[in-house]
Amino acid sequence: MARIQVLEKQVAELIAAGEVVERPSSVIKELVENAVDAGASVITVEIRRGGVSYMRVTDNGCGIAPEDVPTAFLRHATSKIRRQDDLEAIGTLGFRGEALASISAVAHVELLTRTQDAQTGARYLCGGGEEDTLEEAGCPAGTTIVVRDLFYNTPARMKFLKKDAAEGNSVAGVLDKMALSHPEISFRFIREGKEVLHTPGDNKLSSAIYAVFGKEFSSTLIPVEYELEHVKVSGFISKPAGSRPNRSMQHFFLNGRFIRCRTAMAALEEAYKGSLMVGKFPACVLHLRLSSAAVDVNVHPAKLEVRFVRERPVFDAVYHGVKSALAALDRPKVMEWKKPLPSPYAPLPERKEQLRLSPAPVPAKAAPAPREERPSLEREGWGAVLRDSGGVQPPERKLPPQWQAILDRDPVPEPAAQQAAPVKEEEPAPPKPLPSQQTAPVSTPQQEPEAPREEPQREEIASKVVGEAFGTYLILEHGKDALLFIDKHAAHERLLYERLKAQKQGGEAQTLLQPVAVTLDKEEYTAVLEHTEELSAAGFQVEDFGAGTVLVRSVPLLLDGDDAAGAVMEIAGHLAAHKTDLTTEHLDWVYHNVACRAAMKAGDTTSRQELISLVEELERNPQVRYCPHGRPVYILVRRRDIERQFGRV
């Protein structure tokens, strides 16, 4: 049996550092929190190669006295708590005294600091947990910490770091939250030599939100200001029209600290009940203020989760604050009608419409055209029955008197070879069929009409359309012994999904007239940029627009361009939540999402011609039995089962 022994200092430091320093963003978080606790009003962060090779945090806070600098790098050395009772009411962001010791154990650190009343400052160098240099130096008031070569002595940790872009976006996410939690501080973020964030520090939360998320997101917000039972809630929430497909844009802060709070999240979504569509979530930037003695922040290593002495007042304050703001400030969306500009070519389309709708003049002695024989049920299948069911003829379309007068004055001459032949009235052009249903062009009037071709008999039982129930289910009599119920959304979704899978790489995409900017959470933003090839294969052309925003230039042909932002936000949320999925699974889910959004919706009014096309396409694809989510496309109800319910058998 191995003997128990005390670990060497260096090994113990590396183990302890792993609990605090996971990646460059965790280093930035600890250093920026120290700068905030030091009373800084301006904080500048600079990184290179995602923070792996270089990180610098500069502040104008109180600084550190030269004699205290070596002590600051010892484990459990802090100026924020003194005794056990201080843990019951923590008012600072940091308090454990582990950050500097953990960072210096896995990187090379340089510290420059000067207090406000000192003439000179101090320069301190250390690396691998060992002190190198402490000397007097000239520097501005405040503290500057430079961290180089992170994990240089722990190559195993280095292997698990992501690409530089992903690590840089993680750092950006940390600074976004710090800027939103402290709008009174001006944050400046320099990434690879380029400034990507600069908040004004004017103590206005709206200014910080604008600097972090941009104009588009800020325009969907309404303010919240509420206090109940010593719990104060302030900030901004999104209008119901600006809802998101996930919770990534819900930000809660407690006494200036970013937290994950299920209580506040549940209260927020409960207040929106009845105002949001199913599957949509509100966005928010809410600050909670309550006594430090009523909350415990020392329950999570990263201090992201907290415990409340009483959760009910927190829930009630958030719920009533959000509910009151929605009732007072959420206004219905007003549609603006823009007057179209007059066009000199306006009469031309009217003339075309007139010629298309006007029946050709019939000679006086011409016999009426014979009625076409109704198609056989056995030959035409479901589509023919749906097309001819109902028996109601459309009303005759009459032209305005001024149009009819023009036609009476200038009749259209007929070809001499067809004067004696009976003339068939021109019917309105049918709706454009699906690509899979397009037929050959119709022959010109000068050609001899082709004899009708006999279609091959289909080996199926004739079905009769009964109708559509609840705007969702198509009902057909399937022979004499069963009813067939078709879920139009599930059927259409599966057909579109199969069509997307069959298309070529990057095919069937439409370029948007105006690119759409989509603001994302930094984690989603990183996921989208890492999967641009898969998105391109599905028809989405997405570009990096900087600062957590992507630019959508094209969407799949089946998708409405107005739905581009919602589709990309939903896809981004899925990519961020399923990082370990294979590329094929990501692409398959994107096809699911596009097909679901483009398919006929349950409850929507669907034209007869659209239902005809759906049934006919189902006939051509008998393998379609389930939607991409696994729900059945159709079910069969036997006549015997129905009659048994009525006691007939």
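All figures in this text were calculated on a predicted structure; none of them were measured in a lab.
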Walk me through whether Asp316 and Val314 qualify under side chain to side chain contact (heavy atoms under 4.5 Å, CB included). CA-CA 6 Å; Asp316 290 343; Val314 177; over 6 Å; no

Would you name the heavy atoms of Val231 and Ala317 that are closest together and state the gap between them? CG1-CB, 3.7 Å

From Ile571 atom CD1 to Phe540 atom CZ, the distance as rounded to the nearest 0.5 Å: 4.0 Å

Please tell me if the side chains of Val233 and Leu286 come closer than 4.5 Å, counting only heavy atoms from C-beta onward. yes

Close side-chain approach of Ile642 to Val637, heavy-atom, < 4.5 Å: yes

Supply the atom-to-atom distance Phe315 CZ to Leu268 CG, rounded to the nearest 0.5 angstrom. 10.0 Å

Over all heavy atoms of both residues, which pair between Lys239 and Ser219 is shortest? Give the atoms and the distance, please. NZ-O, 4.3 Å

Sequence neighbours excluded, which residues qualify as ring pair (Phe, Tyr, Trp, His ring centres under 6.0 Å) partners of Phe258? Phe253

Tell me whether Glu229 is salt-bridged to Arg310, with the criterion being a basic N under 4.0 Å from an acidic carboxylate O. yes

Report yes if the side chains of Val552 and Val518 come closer than 4.5 Å at any heavy-atom pair, otherwise no. yes

Quick one: list whatever passes ring pair (Phe, Tyr, Trp, His ring centres under 6.0 Å) with Tyr525, sequence neighbours left out. none

Is a side-chain donor-acceptor pair under 3.5 Å present for Asn246 with Glu524? yes

Out of curiosity, Thr220 OG1 to Met249 CE, how far, rounded to the nearest 0.5 Å? 8.5 Å

Verify the neighbour count for atom CZ of Phe485: are there more than 12 heavy atoms of other residues, nucleotides or ligands below 6.0 Å? yes

Can you find a pair of side-chain heavy atoms, one from Ser324 and one from Tyr226, that are under 4.5 Å apart? yes

Among side-chain atoms of Ser248 and Asp521, is any donor-acceptor pair under 3.5 angstrom? no

Salt bridge between Glu270 and Lys323, side-chain N to carboxylate O under 4.0 Å? no

Tell me, do Lys273 and Glu269 make a side-chain contact under 4.5 Å, heavy atoms counted? no

Whether Asp641 and Arg638 form a salt bridge (side-chain N of Lys/Arg under 4.0 Å from carboxylate O of Asp/Glu) is what I want to check. no

Would you name the heavy atoms of Val322 and Val224 that are closest together and state the gap between them? N-CG1, 4.4 Å

Pro515 and Phe545, any side-chain heavy atoms less than 4.5 Å apart: no

Before giving the answer on side chain to side chain contact (heavy atoms under 4.5 Å, CB included), spell out for Ser238 and Tyr272 the whole-Å C-alpha distance, their side-chain angles and the decisive distance to 0.1 Å. CA-CA 10 Å; Ser238 64; Tyr272 273 87; 4.0 Å; yes

Any side-chain heavy-atom pair of Pro313 and Phe308 under 4.5 Å: no

For the residue pair Leu326 and Pro240, what are the closest heavy atoms and their distance? CD2-CD, 4.0 Å

Please test Val550 against Glu543 for side chain to side chain contact (heavy atoms under 4.5 Å, CB included), starting from the C-alpha separation and ending with a verdict. CA-CA 6 Å; Val550 295; Glu543 298 178 1; over 6 Å; no

Could you report the tightest heavy-atom contact between Leu520 and Met569, atom names first, then the distance? CD2-CG, 3.9 Å

Taking the six-membered ring for Trp and the single ring otherwise, decide whether the centroids of Phe213 and His251 are under 6.0 Å apart. yes

Ser554 and Thr511: which non-hydrogen atoms are nearest, and at how many Å? CB-CA, 3.9 Å

Rounded to the nearest 0.5 Å, what separates atom CZ in Arg260 from atom CD in Glu305? 7.0 Å

Go through the steps for Asp544 and Thr549 under the test side chain to side chain contact (heavy atoms under 4.5 Å, CB included), then give the verdict. CA-CA 7 Å; Asp544 184 8; Thr549 303; over 6 Å; no

Rounded to the nearest 0.5 Å, the CZ atom of Phe281 sits from the CG atom of Leu276 at a distance of 9.5 Å

Could you list the residues that satisfy side chain to side chain donor-acceptor pair (under 3.5 Å) with Glu216, not counting sequence neighbours? none

Within a reach of under 6.0 Å around CZ of Arg644, are more than 12 heavy atoms found that belong to other residues, nucleotides or ligands? yes

Under 4.5 Å between any side-chain heavy atoms of Pro282 and Gln250, yes or no? yes

When rounded to the nearest 0.5 Å, the distance separating CG of Asn169 from NZ of Lys163 is 12.0 Å

